[in-house]
Participant: 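To start, I am sharing the structure in question, which I have written as structure tokens.
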Amino acid sequence: MAMRRTVLFGALLFVLSGAYAQAQTNPNQWQLPPAYVPSGEVMYGEYCAACHGATAKGDGPAAATLKASPPDLTTLAKRHEGKFPYDYVTTVLLFGPGTTAHGSPSMPTWGPIFGVIDKQNARAVQQRVKNLTDYLASIQEK
């Protein structure tokens with residue numbers, strides 16, 4: 001009888017320790033890896049669509065509150081002799097639009113914002129800008 005109690009107690013202790021271990025979840029298990037950079041489409045939805053619109057035509061819900069209308073981002077190639085202006089878009093994202101280049105200084109300068117988000121990881125910032133630029137290139141009107 002004593003042997004049976006010892007075995008049952010051991011089994012119970014084993015089950016309880018397993019349940020305890022499962023209950024101790026890692027608080028960081030749902031965080032993204034430090035080097036994670038979202039796709040351009042995801043970032044567009046998060047950072048750009050409010051002003052430029054879900055279809056990038058410049059008709060986002062916040063567009064009416066701006067002094068200058070956001071440009072139609074699907075016509076960037078058309079407005080640059082049929083070739084998507086990768087360097088121009090990269091510069092605007094990193095350093096801001098300026099008043100004449102983009103039409104309005106109200107667009108955020110994303111480079112420093114991405115720097116804060118990515119804890120000043122220059123590679124991650126460059127990847128964000130590349131992903132977003134590539135996404136914009138992919139939605140150009142034919």
Side-chain angles (χ1 to χ4, degrees), residues 3-142:
M3 176 82 147
R4 185 175 177 187
R5 282 188 190 165
T6 303
V7 170
L8 286 174
F9 180 75
L12 179 62
L13 190 58
F14 179 77
V15 169
L16 289 176
S17 66
Y20 178 77
Q22 281 186 332
Q24 299 301 313
T25 59
N26 179 352
N28 295 324
Q29 80 181 23
W30 299 113
Q31 288 184 346
L32 297 170
Y36 172 76
V37 175
S39 71
E41 184 175 9
V42 168
M43 286 189 296
Y44 179 85
E46 290 177 359
Y47 306 123
C48 311
C51 295
H52 292 280
T55 59
K57 298 280 188 187
D59 58 353
T65 66
L66 301 174
K67 290 181 183 178
S69 297
D72 179 344
L73 298 177
T74 67
T75 61
L76 283 164
K78 184 187 289 184
R79 290 182 275 139
H80 288 87
E81 299 176 4
K83 185 176 179 196
F84 184 78
Y86 283 94
D87 291 340
Y88 168 75
V89 172
T90 297
T91 299
V92 169
L93 290 172
L94 285 173
F95 305 111
T99 53
T100 57
H102 193 70
S104 170
S106 60
M107 181 181 150
T109 303
W110 290 107
I113 295 169
F114 291 158
V116 170
I117 292 170
D118 293 316
K119 298 181 171 93
Q120 304 308 322
N121 179 338
R123 270 195 170 157
V125 171
Q126 289 171 347
Q127 189 62 54
R128 280 182 184 272
V129 171
K130 181 184 183 321
N131 289 359
L132 192 49
T133 302
D134 288 346
Y135 173 70
L136 293 175
S138 77
I139 62 169
Q140 295 304 292
E141 290 180 357
K142 302 290 183 228

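Residue numbers run from 1 in the order of the sequence given.
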Participant: Start with the C-alpha distance between K130 and V37, add both sets of side-chain angles, then the distance that settles side-chain contact (heavy atoms from CB on, under 4.5 Å), and finish with yes or no.
Facilitator: CA-CA 10 Å; K130 181 184 183 321; V37 175; over 6 Å; no
Participant: Between H52 (side chain) and P71 (backbone), is there a donor-acceptor pair under 3.5 Å?
Facilitator: yes
Participant: Which pair of heavy atoms, one from P61 and one from A49, lies closest together, and at what distance?
Facilitator: CD-O, 3.9 Å
Participant: For E41, does the CD atom have more than 12 heavy-atom neighbours from other residues, nucleotides or ligands under 6.0 Å away?
Facilitator: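 Not buried by this count: 12 neighbours or fewer within 6.0 Å.
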Participant: Taking all non-hydrogen atoms of both residues into account, name the closest pair between K57 and T74 and its distance.
Facilitator: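 Heavy atoms only, the tightest pair is NZ-OG1, 3.4 Å.
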Participant: Any side-chain heavy-atom pair from N131 and P38 closer than 4.5 angstrom?
Facilitator: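 The answer is no; the side chains never approach within 4.5 Å.
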Participant: Give every residue pair that meets the ring-ring contact (aromatic ring centres under 6.0 Å, His included) criterion with at least one member in residues 121-142, sequence neighbours excluded.
Facilitator: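 Counting only pairs at least two positions apart or across chains, the ring-ring contact (aromatic ring centres under 6.0 Å, His included) contacts touching residues 121-142 are Y44-Y135.
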Participant: Does anything in residues 106-134 form a ring-ring contact (aromatic ring centres under 6.0 Å, His included)? List the pairs, not counting sequence neighbours.
Facilitator: Y47-W110, Y47-F114, W110-F114
Participant: About how many Å separate CE of M43 and OG1 of T133, when rounded to the nearest 0.5 Å?
Facilitator: 8.5 Å
Participant: How would you list, by chain and number, every residue that makes a salt bridge (Lys or Arg N to Asp or Glu O under 4.0 Å) with K83, sequence neighbours excluded?
Facilitator: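 Testing K83 for salt bridge (Lys or Arg N to Asp or Glu O under 4.0 Å), a comparison that skips the adjacent residues, returns none.
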Participant: If you apply the rule side-chain contact (heavy atoms from CB on, under 4.5 Å), what do you find for L132 with C48, and how did you get there?
Facilitator: CA-CA 10 Å; L132 192 49; C48 311; 4.1 Å; yes
Participant: Which heavy-atom pair separates G111 from V125 by the least distance, and what is that distance?
Facilitator: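 Smallest interatomic distance, heavy atoms only, reads O-CG1, 4.1 Å.
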Participant: For T109 versus F95, what's the shortest heavy-atom pair and its separation?
Facilitator: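 Taking T109 first and F95 second, the nearest heavy atoms are CG2-C, 3.3 Å.
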Participant: In terms of heavy-atom contacts, does CD of E46 have more than 12 from other residues, nucleotides or ligands at under 6.0 Å?
Facilitator: yes
Participant: Between R79 and E141, does any NZ, NE, NH1 or NH2 come within less than 4.0 Å of an OD or OE carboxylate oxygen?
Facilitator: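 So E141 does not pair with R79 through a salt bridge.
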Participant: Could you measure the distance from the CD1 atom of I113 to the CZ atom of R128? Nearest 0.5 Å is fine.
Facilitator: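 With rounding to 0.5 Å, CD1 (I113) is 11.0 Å from CZ (R128).
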Participant: Which atom names give the shortest non-hydrogen contact between T75 and D72, and what distance separates them?
Facilitator: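 Heavy-atom minimum between the residues: OG1-O, 3.0 Å.
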Participant: For residues A63 and G58, report the shortest heavy-atom separation together with the two atoms involved.
Facilitator: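 It is CB-O, 3.8 Å.
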Participant: Find the distance between CG (L93) and CE (M107) and round it off to the nearest 0.5 Å.
Facilitator: 5.0 Å
Participant: Under 4.5 Å between any side-chain heavy atoms of V89 and L73, yes or no?
Facilitator: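 In short, these two side chains do not touch, never coming nearer than 4.5 Å.
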